[in-house]
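Here is the structure we will look at.
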Amino acid sequence: MSSSHASPSDAEVLFQPIQVGDLRLPNRVAMAPLTRNRASAGNVPTELNATYYAQRASAGLIIAEATQISPEGQGYIATPGIHSPEQIAGWKKVTEAVHAKGGHIVLQLWHVGRISHVSLQPNGQAPVAPSAIRADAKTFIAEGFVDVSAPRALALDEIPRIIDTYRQAAANAREAGFDAVEVHGANGYLIDQFLRDRSNHRTDAYGGSIENRTRLLFEVCEAVAREVGPGRTGVRLSPLTPAGDIADSDPQALFNRAVERLAALGLAYIHVIEGETGGNRQPQPFDYAAMRKPFRGAWIVNNGYDRDMAIDAVASGKADLVAFGVPFLANPDLPRRLRENAPLNVPDQKTFYGGGAEGYTDYPALD
Ligand code: 8OZ
């Protein structure tokens with residue numbers, strides 16, 4: 001990392017290649033994972049999804065949308081999976097299209113835990129969670145926007161099955177041609193539910209102390225890293241997000257220890273959402289540098305970054321890469337636009353979730 005500070009107008013700092021685990025990436029502009037609800041029947045990725053990702057292949061790294069590791073891990077309609085042969089074949093079209101354009105693409109491995117609805121669950125069963133505490137949160141199902149269902153608490157002897165499901169999903173992602181995987185430990189989903197003391201009231205080895213609440217995160221990352229290699233494993237965390245009705249009494253201590261444990265695994269990267277996902281970047285004080293300290297891998301930051309903030313984050317050494325969500329959704333050639341300081345297309349909120357090509361593959365590139 002450069003020790004000198006580049007001028008804020010110098011976007012070239014974002015276009016220096018970087019080694020992230022086993023991957024050699026051409027630039028520091030990542031595409032953040034974005035839920036778009038455009039999978040086909042069986043939650044299978046399509047040719048349209050391949051077009052969308054291939055249009056964005058100039059990203060230093062594409063982190064593909066959150067993808068359920070099992071039927072039970074689904075919480076919203078039309079999100080893709082990585083547990084059936086059809087889904088693996090669908091994702092192969094995506095990775096081939098991205099690779100044909102010289103891009104790099106990671107799959108985000110997702111289990112929603114309690115953020116689900118019985119209509120999306122196998123046999124209409126209750127969603128699973130660390131504890132039987134319903135979230136004050138909504139999801140979207142066939143009938144529209146609804147409250148999430150009451151979950152049941154996972155039994156201790158079910159946890160090895162959950163961990164193995166992540167491992168199998170990582171193996172499936174490798175088979176589908178992904179360059180790496182990202183464990184979704186953020187935004188109030190299953191792993192985050194285990195991390196926080198408001199959603200985790202367990203009294204066994206996975207609840208109570210910080211050591212116990214970080215256990216599932218650690219064991220999932222360990223199993224995934226053993227399957228695909230630590231240099232092809234990343235993880236996403238969101239220490240301050242309230243998403244999914246999540247909260248913790250001491251996020252600084254919790255996430256400092258979480259990263260310290262993950263550091264021992266030699267993971268490729270940690271991807272941090274700073275503040276409230278998609279919102280306030282500083283809802284309360286938090287020392288991200290302290291959280292990062294024990295970690296040797298790449299550090300990816302996200303949440304409301306613009307061009308100047310991204311340049312500053314990389315130039316100062318605060319981050320190795322910056323992940324852009326909404327700006328990448330609306331600008332397939334975002335890296336070029338940042339480099340040239342070109343104007344950005346305006347995102348259309350109405351087409352974020354669900355639908356077809358409109359608001360998905362029809363945002364224009366420059367020229
Ligand atoms: C928006 C809508 C549904 C899910 C996340 C996977 O926040 C999501 C998500 C975002 O991580």
Side-chain angles (χ1 to χ4, degrees), residues 30-39 43 45 49 52-53 62-70 72-82 106-117 119-121 127 129 135-149 166 169 173 181-196 199 217 220 234-247 270-281 283 300-304 323-330 347-355 359-360:
M31 179 180 173
L34 294 162
T35 288
R36 304 304 308 274
N37 310 83
R38 282 168 168 84
N43 304 318
N49 305 143
Y52 162 76
Y53 282 113
I62 293 172
I63 304 164
E65 68 212 79
T67 296
Q68 58 265 7
I69 60 171
S70 61
E72 170 195 283
Q74 183 178 4
Y76 306 82
I77 194 163
T79 55
I82 188 68
V106 166
L107 188 63
Q108 197 192 43
L109 304 181
W110 193 28
H111 191 308
V112 297
R114 67 181 185 167
I115 305 297
S116 188
H117 188 267
S119 68
L120 294 166
Q121 290 289 312
D136 181 10
K138 302 251 184 204
T139 181
F140 26 96
I141 62 171
E143 288 73 39
F145 211 48
V146 297
D147 288 341
V148 298
S149 302
Y166 279 95
V181 296
E182 175 178 291
V183 172
H184 195 343
N187 292 343
Y189 298 111
L190 183 69
I191 290 173
D192 209 12
Q193 291 157 29
F194 271 83
L195 287 172
R196 316 300 185 108
S199 46
L217 169 71
V220 166
V235 58
R236 196 177 204 211
L237 302 172
S238 55
L240 297 184
T241 204
D245 194 20
I246 214 88
I270 294 179
H271 176 189
V272 179
I273 300 166
E274 297 168 334
E276 300 177 354
T277 310
N280 184 359
R281 287 184 39 81
I300 307 180
V301 295
N302 170 248
N303 205 24
F324 293 85
V326 171
F328 232 127
L329 175 160
D348 171 20
Q349 303 249 6
K350 295 190 305 296
T351 52
F352 279 8
Y353 307 116
Y360 190 57

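In each ligand, atom 1 is the first atom listed, and ligand 1 is the first ligand listed.
- Looking only at protein heavy atoms, the nearest one to atom 1 (C) of ligand 1 is Y353 OH, 3.5 Å.
- Contact check for Q68 versus T79: side-chain heavy atoms found under the 4.5 Å cut-off.
- Aromatic ring pairs are classed by plane angle as parallel below 30°, tilted from 30° to 60° and perpendicular above 60°; the pair H184 and W110 is parallel.
- Taking every heavy atom of A66 and a limit of under 4.0 angstrom, the matching atoms of ligand 1 come to 6 (C).
- Residues Q121 and E72 are in side-chain contact: their nearest non-hydrogen atoms beyond the backbone lie under 4.5 Å apart.
- Residue W110 has at least one heavy-atom neighbour below 4.0 Å for each of these atoms of ligand 1: 6 (C).
- Using modelled atom types, no side-chain atom of R36 and backbone atom of Y353 make a donor-acceptor pair closer than 3.5 Å.
- In this structure, the protein non-hydrogen atom closest to atom 8 (C) of ligand 1 is Y189 OH, 3.5 Å.
- Nearest protein heavy-atom contact of atom 7 (O) of ligand 1 is N187 ND2, 3.0 Å.
- Among protein heavy atoms, atom 6 (C) of ligand 1 sits closest to T35 OG1, 3.2 Å.
- Residue N303 comes nearest to N280 through the heavy atom pair ND2-O, 4.4 Å, listed as atom of the first residue, atom of the second, then distance.
- The aromatic rings of F140 and F145 lie parallel to each other, with less than 30° between the two planes, well short of the 60° mark.
- Residue contacts with ligand 1: H184 is placed with a nitrogen or oxygen under 3.5 Å of a nitrogen or oxygen of the ligand (distance criterion only).
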